[in-house]
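Down below is the structure, laid out as structure tokens.
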Amino acid sequence: MLSAVLAWVLALCAVTAGVLVFRFDSMARATFALLASLLCVAGEVLLLGLQYLGVVIVLMMTIEMAVMAVFMIMFMMNPAGLMPMAMLHNTRAAAALCAALFALLATGVLTADWPRATGRPPADPTFELGMSLMGPQILTMMTLGTALFATIVATVVLATRRGRYDRWGDDLRAARPDDPARGGVGR
Amino acid sequence: MTLSLLMLLAAALFCTGLFGVLTQQSVVMLMMGLELMIGAVILAAAAAWRHLAPANADGQVVVILAVTAMALEMAVGFAVVTALFRTGEKDLTDQAAELRG
């Protein structure tokens with residue numbers, strides 16, 4: 001009973017906070033609204049019996065939104081509400097499209113003949129997840145690992161202002177580096 | 001909550017996120033919409049695990065997949081925003097149109 005009430009409260013909070021993300025005119029406030037919405041999602045995941053994944057989502061979202069708040073402040077369009085401006089474009093068409101998509105999804109959800117649950121939840125879902133990731137789902141795990149590594153490389157490449165290809169040319173064979181100012185050890 | 005209600009909740013979050021992605025001018029705000037959409041995927045996967053196949057861990061693997069996608073999206077997204085801003089002081093989606101076909 002209590003968990004059912006809690007699930008409803010979390011569901012309402014998740015949607016309300018999600019809508020508020022795009023209603024606030026301050027990007028810092030929007031970040032915290034998004035954090036609230038995602039924490040409500042994590043709460044629903046916890047209520048569904050996935051303790052480990054729920055806690056992972058809580059921790060990840062909190063750190064992620066803290067990082068995001070820094071970027072928000074860096075790229076804020078309306079700092080401290082001093083420059084009121086519209087952050088939206090093409091609102092009407094987007095609202096119509098999203099309403100139509102929601103109607104489509106809701107029709108699918110409500111009319112689908114959902115299969116009945118097979119089996120019962122294991123005593124320790126986290127153990128099952130670990131065994132699955134290290135067993136039949138090892139390919140998923142390896143793909144995720146490769147994707148994470150590729151992300152590290154991609155972010156470093158994108159964030160580097162001047163790399164060795166800028167200095168030594170595309171084939172890295174320039175006689176001397178193309179630096180904006182001379183300096184260093186006798187160059 | 002029943003499976004249908006949880007799926008409706010996920011659909012609502014997904015559509016809210018999509019609205020943000022389509023309407024926001026700031027690239028960073030656009031990414032917040034994407035985060036909301038992936039949050040909806042996480043919720044739908046967890047609900048499907050609990051209500052359709054709890055004995056099988058595949059639903060949990062989808063949650064792991066979505067959580068990882070969220071982290072990657074944010075890391076690469078911020079790197080792209082930083083690179084865009086560095087090349088031409090661009091932080092709006094309409095300004096970043098070099099690749100428009």
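Chain letters run A, B, ... following the sequence lines, proteins first and then strands; every chain starts at 1.
Contact between B:Ala47 and A:Leu48 at its shortest, heavy atoms only, is N-CD1, 3.6 Å. Nearest heavy atoms, A:Gly119 versus B:Ala55: CA-CB, 4.1 Å. Closest approach of A:Ala94 to B:Thr23, counting heavy atoms only: CB-CG2, 3.4 Å. B:Leu52 and A:Pro115 make their closest contact through CD2-O, 3.4 Å (heavy atoms, listed as atom of the first residue, atom of the second, distance). Contact detail for B:Ala71 and A:Met60: the closest heavy-atom pair is CB-CE, 4.0 Å. A pairwise comparison of heavy atoms in A:Leu34 and B:Glu35 identifies CD2-CB, 4.0 Å as the closest pair.
Here A:Val109 is the residue among A:Leu12, A:Val109, A:Val156, A:Thr143 with the most heavy-atom pairs under 4.5 Å with chain B. Each of A:Ala154, A:Ser3, A:Ala95 has some count of heavy-atom pairs under 4.5 Å with chain B, and the biggest count is that of A:Ala95. Each of A:Leu148, A:Leu133, A:Val19, A:Asn90 has some count of heavy-atom pairs under 4.5 Å with chain B, and the biggest count is that of A:Leu148. When the candidates B:Val81, B:Thr82, B:Ile42 are compared by the number of heavy-atom contacts under 4.5 Å with chain A, B:Val81 comes out ahead. Here B:Cys15 is the residue among B:Ala12, B:Cys15, B:Ala45, B:Ala46 with the most heavy-atom pairs under 4.5 Å with chain A. Comparing A:Val21, A:Leu105, A:Val45, A:Leu144 by how many heavy-atom pairs each has under 4.5 Å with chain B, the most go to A:Leu144.
Checked by atom type and distance alone, the side chain of B:Arg86 pairs as donor or acceptor with a backbone atom of A:Ala159 at under 3.5 Å.
Contact annotation for B:Val80: both backbone and side-chain heavy atoms come within less than 4.5 Å of a heavy atom of chain A. Of the atoms belonging to A:Leu110, it is side-chain heavy atoms, and not backbone ones, that fall under 4.5 Å from chain B. With a 4.5 Å cut-off on non-hydrogen atoms, B:Val61 touches chain A through its backbone and its side chain both. Proximity to chain A (any heavy atom under 4.5 Å) is restricted, for B:Met74, to the side chain, taken from C-beta onward. If you measure heavy-atom distances from A:Met61 to chain B, the contacts under 4.5 Å come from the side chain alone. Interface remark: A:Met131 contributes no atoms to any contact with chain B (heavy atom separation under 4.5 Å). Both the backbone and the side chain of B:Leu8 come within contact range of chain A, judged by heavy atoms closer than 4.5 Å. Of the two parts of A:Thr91, the backbone and the side chain both hold a non-hydrogen atom closer than 4.5 Å to a non-hydrogen atom of chain B. Using a 4.5 Å cut-off between heavy atoms, B:Ala10 does not touch chain A at all. Interface residue A:Thr118: backbone and side-chain heavy atoms are both found under 4.5 Å from chain B. Only the side chain of A:Leu97 comes within contact range of chain B, with heavy atoms under 4.5 Å apart. Only the side chain of B:Leu6 comes within less than 4.5 Å of a heavy atom of chain A; its backbone N, CA, C and O stay farther away. Only the side chain of B:Leu13 comes within less than 4.5 Å of a heavy atom in chain A; its backbone stays farther off. Heavy atoms closer than 4.5 Å to chain B are found in both the backbone and the side chain of A:Thr31. For A:Leu38, the part lying near chain B is the side chain, with the backbone staying farther off; criterion is any non-hydrogen pair under 4.5 Å. For A:Ala147, the parts sitting under 4.5 Å from any heavy atom of chain B are the backbone and the side chain alike.
Follow the hydrophobic side-chain contacts under 4.5 Å out from B:Met70 and you reach A:Leu129 in the same cluster. Under the 4.5 Å side-chain heavy-atom criterion for grouping Ile, Leu, Val, Met, Phe, Trp and Tyr, A:Leu101 is connected to B:Leu22 within one hydrophobic cluster.
From B:Thr16, atom OG1 reaches atom CZ of A:Arg23 across 12.5 Å, with rounding to the nearest 0.5 Å. To the nearest 0.5 Å, the span separating OG on A:Ser37 from CG on B:Leu36 amounts to 4.5 Å. Distance CD/A:Glu44 to CZ/B:Arg50: 13.0 Å, rounded to 0.5 Å. In this structure, the separation between CD on A:Glu128 and CG on B:Asn56 is 9.0 Å, given to the nearest 0.5 Å. Taking CD from B:Gln60 and CD from A:Gln137, the interatomic distance works out to 11.0 Å, rounded to the nearest 0.5 Å. Atom CG in A:Leu158 sits 14.0 Å away from atom CZ in B:Phe78 (nearest 0.5 Å).
Contacts between residues 50-59 of chain A and chain B, defined by a heavy-atom separation under 4.5 Å, are made by A:Leu50, A:Leu53, A:Ile57.
Within 6.0 Å of the CG atom in A:Asp171, the count of heavy atoms belonging to other residues, nucleotides or ligands exceeds 12.
Relative orientation of the B:Phe19 and A:Phe22 rings is perpendicular, given thresholds of 30° and 60° on the angle between their planes.
Between B:Leu9 and A:Val15 the shortest side-chain heavy-atom distance falls below 4.5 Å. Side-chain contact check for B:Phe14 versus A:Cys98: every heavy-atom pair is 4.5 Å or farther apart. Under the 4.5 Å side-chain criterion, counting only non-hydrogen atoms from C-beta, B:Met7 is in contact with A:Trp114.
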